[in-house]
Amino acid sequence: MVFYGGSTDGFFMVHTIFNAVKKRRLIVAHRGARSLAPENTLAAARLALAAGAAMWEIDVRLSRDGEPVLVHDFDLKRISDAQDKFPGRAPWLVDEFTLQELQTLDLGSWFGKADPFKQIAAGRVSPRELEKYCGEQVVTLTEAIRFTVENDWLLNIEIKDLAGRPGHESVVEKVIAVVRQAGASERVLVSSFNHYYLAQARKLDKEIRTGVLTERLEPDPAALMAELDAFTFNPSPRAFRPMQVRRLKKKGFGVLVWVLNNPVSAWACLAMGADGIFTDFPQRFS
Ligand code: G3P
Ligand code: MG
């Protein structure tokens with residue numbers, strides 16, 4: 001089923017996760033356009049949007065005071081100046097910092113020093129852009145959704161596995177509450193390697209679609225998808241099997257593969273039935 005909405009000049013297809021996956025050939029900007037800007041920031045989101053990505057992917061953890069924020073690693077060392085600003089707070093775990101503390105951190109300067117995808121060396125990031133990244137602030141989930149909605153865009157929220165950490169029991173509820181508050185249920189795909197989170201998310205909001213992340217070969221992905229009432233199966237290339245994809249497609253599930261930066265491999269996956277791919281280089285697919 002495809003949802004249509006009315007407009008004065010006829011009918012348009014409503015921008016939802018459901019429609020985007022059904023339309024296929026989805027390019028998802030992994031942590032934003034993270035080859036060109038610091039990952040999980042609004043700068044990376046802007047570049048992904050400009051490159052024509054259909055959706056951006058973000059990683060979500062909870063701050064000490066329970067605010068969903070965009071950080072990939074469990075600690076702040078790689079992507080911030082936490083070690084300089086809070087020298088006595090090793091090992092700088094995200095969930096040991098309040099939102100207010102996180103907001104004092106510079107989440108952009110590391111990018112210029114690390115040049116993680118060698119795009120600065122290649123001359124694809126200008127000195128002016130690099131300068132703008134310095135002082136880039138942590139993004140809350142609320143801000144990420146606001147940016148998505150304002151730009152009539154789509155968002156994949158990956159909830160990091162917080163098993164064994166504070167917030168494990170509450171993270172899904174908190175994320176769903178933020179999504180619902182923004183009225184963005186149909187614009188987000190909630191994914192996780194922790195599949196228990198996905199079942200919880202569907203229980204809390206039936207409008208929210210979920211994506212099953214895996215990097216190991218699943219014996220029966222279709223059965224797993226049915227059990228979790230999920231929408232997309234999101235394997236790494238290693239866990240991608242065309243036979244399984246065909247079966248999943250027959251049952252109406254979507255398939256999104258992560259992370260493919262080489263357009264040849266990406267198009268091959270799409271030709272073998274994937275509905276979309278995640279990439280650090282959305283600009284290569286525009
Ligand atoms: O959602 C796909 C991908 O983001 C999963 O791995 O470690 O990059 O969050 P990671
Ligand atoms: Mg991720």
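Remember, it's a predicted structure, so these values are computed and weren't measured experimentally. Both counts, for ligands and for their atoms, begin at 1 and track the order of listing.
Short contacts between ligand 1 and Lys160, defined as distances under 4.0 Å to a heavy atom of the residue, involve ligand atoms 7 (O), 9 (O), 10 (P). Counting the atoms of ligand 1 from 1 in the order shown, those under 4.0 Å from a heavy atom of Arg31 are 7 (O), 8 (O), 10 (P). Here is the list of ligand 1 atoms found below 4.0 Å of a heavy atom in Phe193: 5 (C), 6 (O). In the vicinity of Leu213, heavy-atom distances shorter than 4.0 Å reach the ligand 1 atoms 1 (O), 2 (C). Against a heavy-atom cut-off of under 4.0 Å, Asp59 is close to the following atoms of ligand 1: 9 (O).
Taking atom 4 (O) of ligand 1 as the reference point, the nearest protein heavy-atom neighbour is Glu57 OE2, 2.6 Å. Nearest protein heavy-atom contact of atom 10 (P) of ligand 1 is His72 NE2, 3.3 Å. In this structure, atom 3 (C) of ligand 1 lies nearest to the protein heavy atom His30 NE2, 3.5 Å. Looking at atom 5 (C) of ligand 1, its nearest protein heavy atom turns out to be Glu158 OE1, 3.4 Å.
Residues Thr148 and Trp56 bring a donor and an acceptor atom of their side chains to less than 3.5 Å of each other. For the residue pair Ser35 / Asp280, no side-chain donor-acceptor distance below 3.5 Å is found, with atom types taken as modelled. Between Asn234 and Ser191, the side chains place no donor N or O within less than 3.5 Å of an acceptor N or O (distance only, hydrogens not considered). Between the side chains of His168 and Tyr197, at least one donor-acceptor pair of N or O atoms lies under 3.5 Å.
For Glu215, the closest heavy-atom approach to ligand 1 does not fall below 4.0 Å.
With a 6.0 Å cutoff to the six-membered ring centre and a 45° limit on the axis angle, Arg89 counts as a cation-pi contact of Phe97. For the pair Arg187 and Trp153, the NZ or CZ position fails the cation-pi test of under 6.0 Å to the six-membered ring centre and within 45 degrees of the ring normal.
Side-chain N or O atoms of Gln119 include one that pairs as donor or acceptor with a backbone N or O of Phe117 at under 3.5 Å. A donor-acceptor distance shorter than 3.5 angstrom exists from the side chain of Arg241 to the backbone of Arg238, with no hydrogens or angles considered.
Between the OE1 atom of Glu158 and the OE2 atom of Glu57, the angle centred on the Mg ion (ligand 2) amounts to 90° when rounded to 10°.
The shortest N/O to N/O separation between Ser191 and ligand 1 does not fall below 3.5 Å. Below 3.5 Å of separation, one finds no N or O of Asn156 facing any N or O of ligand 1.
Within Asp59, OD1 is the N, O or S atom that lies nearest to the Mg ion (ligand 2).
Remark: aromatic rings of Phe18 and Phe231 are close, center separation under 6.0 Å.
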